[in-house]
Amino acid sequence: MAFSDGVKDFLALVSRPGRYIGGEINSVKKDLSSVSLKFGLAFPDVYEVGMSHLGMQILYQILNSRADIACERVFSPWVDMEKLLRDKGLPLATLESGIPIGELDVLGFSIQYELSYTNILNILDLGNIPLYSKDRDETHPLIIGGGPVVFNPEPIADFFDIFVLGDGEEVVLEIADVVIDWKAHKWKRGGLLRRLAQIEGVYVPSFFDFKYNTDGTIKEIIPLLKDYKCVNKRIVADINTLPLPVRPVVPFPQIVHDHLTVEINRGCTRGCRFCQAGMIYRPNRERSPENIIKIIEEALKNTGYGEVSFLSLSSGDYSCIQNVLIKFMDRFADKKIAVSLPSMRVGTLKQGLIEEIKRVRKTGFTMAPEAGSERLRHVINKVVSEDALIETAGNAFDMGWRSIKLYYMIGLPTETLDDIMGIIELSGRVQEAGKRHGFRPAVNVSVSQFIPKPHTPFQWEPQIKPEECLERQTFLRKELKKRRLDFKWHDARMSFMEGVFSRGDRRLSGVIMAAFEADCRFDGWGEQFRFDIWERVFKDSGIDPEFYTHRRRSRDEVFPWGHLNTRVDKEFLYKEYERSLLLEDTADCKTDKCSICGICDHKVIRNVSFYEESEARSMPPNASIGGQKSEVQKPSAFKVRLTFSKTGQMKYLGHLELVTLFFRAIRRADIPIVYSAGFHPLPKIVFSQPLPVGIESIAEEAVLELTEHMKPDEIHKRLNTALPDGIKILEARDIPLKLYSVSAIITETSYLISAAADLSASLTVFTGNPTEGRVAQLQGLINRVLEKDEIIIHQQREEKKRSINIRPLIKKLSLADDNVTIQLTLDSGERGSVRPYEVIAYLFGISLNDSRLFTILKIKGADKAITQITKADYTDKEKVGLLKSV
């Protein structure tokens, strides 16, 4: 979120301030006076989660491709930032331009998870937007929901104006055009909703009502608008007709999926009976190999990522997967661009694919048997033999992998103790496969609870109770530990809550509202989840949550989502349910006969596949067996030392974020950097000592190792073009190849600290223009420090606490000629370390938090560099004053 300058001054007080600064590579900030529509894309979770979602990146590019639309992003503020906003009385705003979200024309939520519902209400509330749709008028933004959860949005239907079912790339622009027209004609809100209801894929919940039976089930879904009785999901028939998403926003903070994500396939025809995505995203539509490579080429130039992830519900089922991998590796392996295939069915993971994947570095290796026994895998229609799984694991171990992650579910229909034991036995067999290769592999067993989802064959099934789930988790934990197998599980109470809302109805909206008002936030985060509050609000509302989870539905029960059509026939789903109980498999309709699920008309809507003549080879270039190095490493030939500044909002980036930022900028600038050897090659860059978050600098240094000579002036020019605002190369110069580390020569660090800011009531004596009395007081505080032989403070570094005498570390402490700037030099030797904030806190007798609000500029060793900083780099008068005082 972007904020007013007042809030930006306090970002040092919140965790991970890089979430809130904006200005990332490929982000778009438009002149708002020149657009017709202000569209906010909201994700009801923190930045790191939301920015990992490809759908949000795609819609952001599509909307901003229109000159008359400004699309900006909004994420849930973490609890500390929410408190700051509420304490300051400031609204939540967009990340790019700081638009208060209540002033947007449209606010669209991407809803991926049921336990984000209270975050949705929190975002609306922080934007001063009425929570219930019925309370909003023409002055408020249109509130939209999309994503997989909205195939049953009824628990949150009262809070939304419309939902979008299905593919969003085309419909989002149709919605935008209607809203632009609505604004121009100044219609009433009801007229807008009626116009939107005419768009295929748009669900207006206020145009439907519900009647209930005495037993709590739904008696009838009542359409309130003529000719609007059912909503069909929107389908893009061929994803190759869509604009190629080649300019994704590149985050500064590390995000959950921190790589370039390329969708190679949408939909799945395997027909796993537990899988909602496999049903709601049908039909199967492959992207052409040419478009995949084109997206990768353009997007890597625009982002600088070092890894590409091929996104699909089952990457190995993509018809040309081996050919595309070969082309990718042949083109990008020498640039150390790795590839990952996050969703691979065991039967599709052949040795040739594994060999290609490992050519740059071994990304994560995951297999998902889902169930512990072959019998249960027949129930869920995931026909994977144990022998095939063990063979795949053996191939991975042979190629050098030392760890494997296995995904299972518990609580599946018809599950018995033998199936649970199967998880233990199968995982043990994977471990034994590693031992046959001469080592004990790390086998991570991850077990989640099965949750029956709408629009799947198991939507009629009950969900096991939390106590049953806990019993099975306890058994697995005990037995897996005996075999030295790592075990990860999901909180059974969270799974229970997810199950409630997954198949819930509109009567749950009051429960969600009550939980929000009781301060429930981030319910999908273990440290924030408050099950006790949820239990209380359910009890107070008179609603039994087990009604939605623990009962088996009759065949003809009316579901809350009965009027929302995925185009997969309900009758097909029930037949699949019956076949599951008979252990009957259903073939993949992409390679076998049509299963008559109802999705295809075989004219416009159909499976789209690409087949090519095989280009597979027995061994990739430069590859070798047994996990040895597969690519020739180019040696270091030249070194270049960079001096750079880190100013403005970039001061809120941590050291690791800065390092990643440089890695990607170097790739975008096409600098011939040397990479380390081994299976995880990284660019060879050495930085000076990490700068504390919140401190600016004009004296940062880094050394690059190059494979070939490039003129320092060319490096200087290229990097400044590739780096974001706030990071600027001041000087680049050749240095001898064997010169010592940049950190080794730094024995002391100098800072300028402004004492002119209005920080707190306790510091008002030092604010405003310096007077003789104020200067004397400030000088007196400095003298008090200098006169002491010992100053003991208590430091905390991560989880460690210690006491340290900081007086020997203070080499210089004085007042500059302007009488409001403090000059501080600190020892960086072996006697320990002290941060400028800690000296300020002691000097003024304030808290460490208050000390972080001072403006601090690092200047050590940058005498020449200072002359290269222009006033344009420091628009804030206080920062210009700091430079003048040098």
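Quantities reported herein were computed from a predicted structural model and do not represent experimental measurements.
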So, do [X] and [Y] sit near enough that their side-chain heavy atoms are less than 4.5 Å apart?
X: Glu471; Y: Glu467; value: no
X: Met497; Y: Glu114; value: no
X: Ser206; Y: Leu224; value: no
X: Ile162; Y: Leu142; value: yes
X: Leu92; Y: Ile123; value: yes
X: Pro77; Y: Leu126; value: yes
X: Leu406; Y: Val443; value: yes
X: Phe274; Y: Lys453; value: no

May I ask you to decide if [Y]'s main-chain N or O and [X]'s side chain share a donor-acceptor pair within less than 3.5 Å?
X: Arg507; Y: Gly216; value: yes
X: Lys38; Y: Glu72; value: no
X: Arg234; Y: Gly166; value: no
X: Asp569; Y: Glu571; value: no
X: His455; Y: Met279; value: no
X: Arg282; Y: Gly278; value: yes
X: Gln528; Y: Trp525; value: no
X: Ser116; Y: Asn119; value: no
X: Arg493; Y: Asp532; value: no
X: Asp419; Y: Ser373; value: no

Roughly how far apart are [X] [atom1] and [Y] [atom2], rounded to 0.5 Å?
X: Glu103; Y: Thr139; atom1: CD; atom2: OG1; result: 11.0 Å
X: Asp161; Y: Leu193; atom1: CG; atom2: CG; result: 6.0 Å
X: Ile424; Y: Leu476; atom1: CD1; atom2: CG; result: 5.0 Å
X: Leu54; Y: Leu59; atom1: CG; atom2: CG; result: 9.5 Å
X: Gln276; Y: Ile451; atom1: CD; atom2: CD1; result: 10.5 Å
X: Phe10; Y: Leu84; atom1: CZ; atom2: CG; result: 7.5 Å

Of all the heavy-atom pairs spanning [X] and [Y], show the shortest one and how long it is.
X: Pro413; Y: Leu376; value: O-CD1, 3.4 Å
X: Val204; Y: Ala197; value: CG2-CB, 3.9 Å
X: Gly499; Y: Thr549; value: C-CG2, 3.6 Å
X: Gly372; Y: Arg377; value: C-NH1, 3.8 Å

Please list, chain by chain and in numerical order, all residues satisfying salt bridge (Lys or Arg N to Asp or Glu O under 4.0 Å) with Lys575, sequence neighbours excluded.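 So Lys575 forms no salt bridge (Lys or Arg N to Asp or Glu O under 4.0 Å) with any residue.
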Salt bridge (Lys or Arg N to Asp or Glu O under 4.0 Å) involving Glu461 - partner list, sequence neighbours excluded: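 Expected list: Arg552.
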Ring center gap for Trp460 and Tyr574 short of 6.0 angstrom: yes
Can you list the steps and then say if Trp78 with Val14 is a side-chain contact (heavy atoms from CB on, under 4.5 Å)? CA-CA 9 Å; Trp78 189 244; Val14 300; over 6 Å; no
Please evaluate residues Asn122 and Glu82 with respect to the criterion side chain to side chain donor-acceptor pair (under 3.5 Å), reporting the C-alpha separation (whole Å), side-chain torsions for both, the decisive distance (0.1 Å), and the verdict. CA-CA 9 Å; Asn122 196 40; Glu82 179 193 345; 3.2 Å; yes
Give a yes-or-no answer on whether the side chains of [X] and [Y] include a donor-acceptor pair shorter than 3.5 Å.
X: Asn849; Y: Ser847; result: no
X: His378; Y: Asn381; result: no
X: Ser76; Y: Asp45; result: no
X: Asp418; Y: Thr416; result: no
X: His550; Y: Gln463; result: no

With sequence neighbours left out, what residues match [X] under side chain to side chain contact (heavy atoms under 4.5 Å, CB included)?
X: Cys469; value: Ile410, Gln449, Ile464, Gln473, Ala492
X: Lys211; value: Lys219, Glu220, Ile222
X: Lys481; value: none
X: Glu48; value: Arg16, Arg19, Val46, Ile255

Residue pairs passing the side chain to side chain donor-acceptor pair (under 3.5 Å) test where at least one lies in residues 533-542, sequence neighbours excluded: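 As it turns out, the side chain to side chain donor-acceptor pair (under 3.5 Å) pairs with a partner in residues 533-542, which skip direct neighbours, are Asp523-Trp534.
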Side chain to side chain donor-acceptor pair (under 3.5 Å) partners of residues 405-415, not counting sequence neighbours, each pair once: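 Counting only pairs at least two positions apart or across chains, the side chain to side chain donor-acceptor pair (under 3.5 Å) contacts touching residues 405-415 are Arg375-Thr414, Tyr408-Ser427, Glu415-Arg472.
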Can you list everything that forms a ring pair (Phe, Tyr, Trp, His ring centres under 6.0 Å) with [X]? Sequence neighbours excluded, please.
X: Tyr60; result: none
X: His563; result: Tyr203, Phe208, Phe210
X: Phe450; result: Phe458

Can you list, pair by pair, the side-chain donor-acceptor contacts under 3.5 Å of residues 509-520, counting residues two or more places apart and other chains?
from   : atom 1 : to     : atom 2 : distance (Å)
Ser509 : OG     : Asp158 : OD2    : 3.0
Ser509 : OG     : Arg506 : O      : 3.1

By the definition side-chain contact (heavy atoms from CB on, under 4.5 Å), identify the one residue from Asn232, Leu573, Thr456, Ile280 that meets it with Thr566.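 That would be Ile280.
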For Phe109 and Phe160, take the angle between the two ring planes, folded into 0 to 90°, and tell me which bin it lands in: parallel under 30, tilted 30 to 60, perpendicular over 60.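 Perpendicular, since the angle between the ring planes exceeds 60°.
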Can you label the angle between the Tyr132 ring and the Phe159 ring as parallel, tilted or perpendicular, going by 30° and 60°?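 Ring orientation, 0 to 90° scale: tilted.
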Stepwise side chain to side chain donor-acceptor pair (under 3.5 Å) test for Gln112 and Ser110: CA-CA 6 Å; Gln112 305 294 312; Ser110 176; 2.9 Å; yes
Face-on cation placement of Arg555 at Tyr577 ring, 6.0 Å and 45° thresholds: no
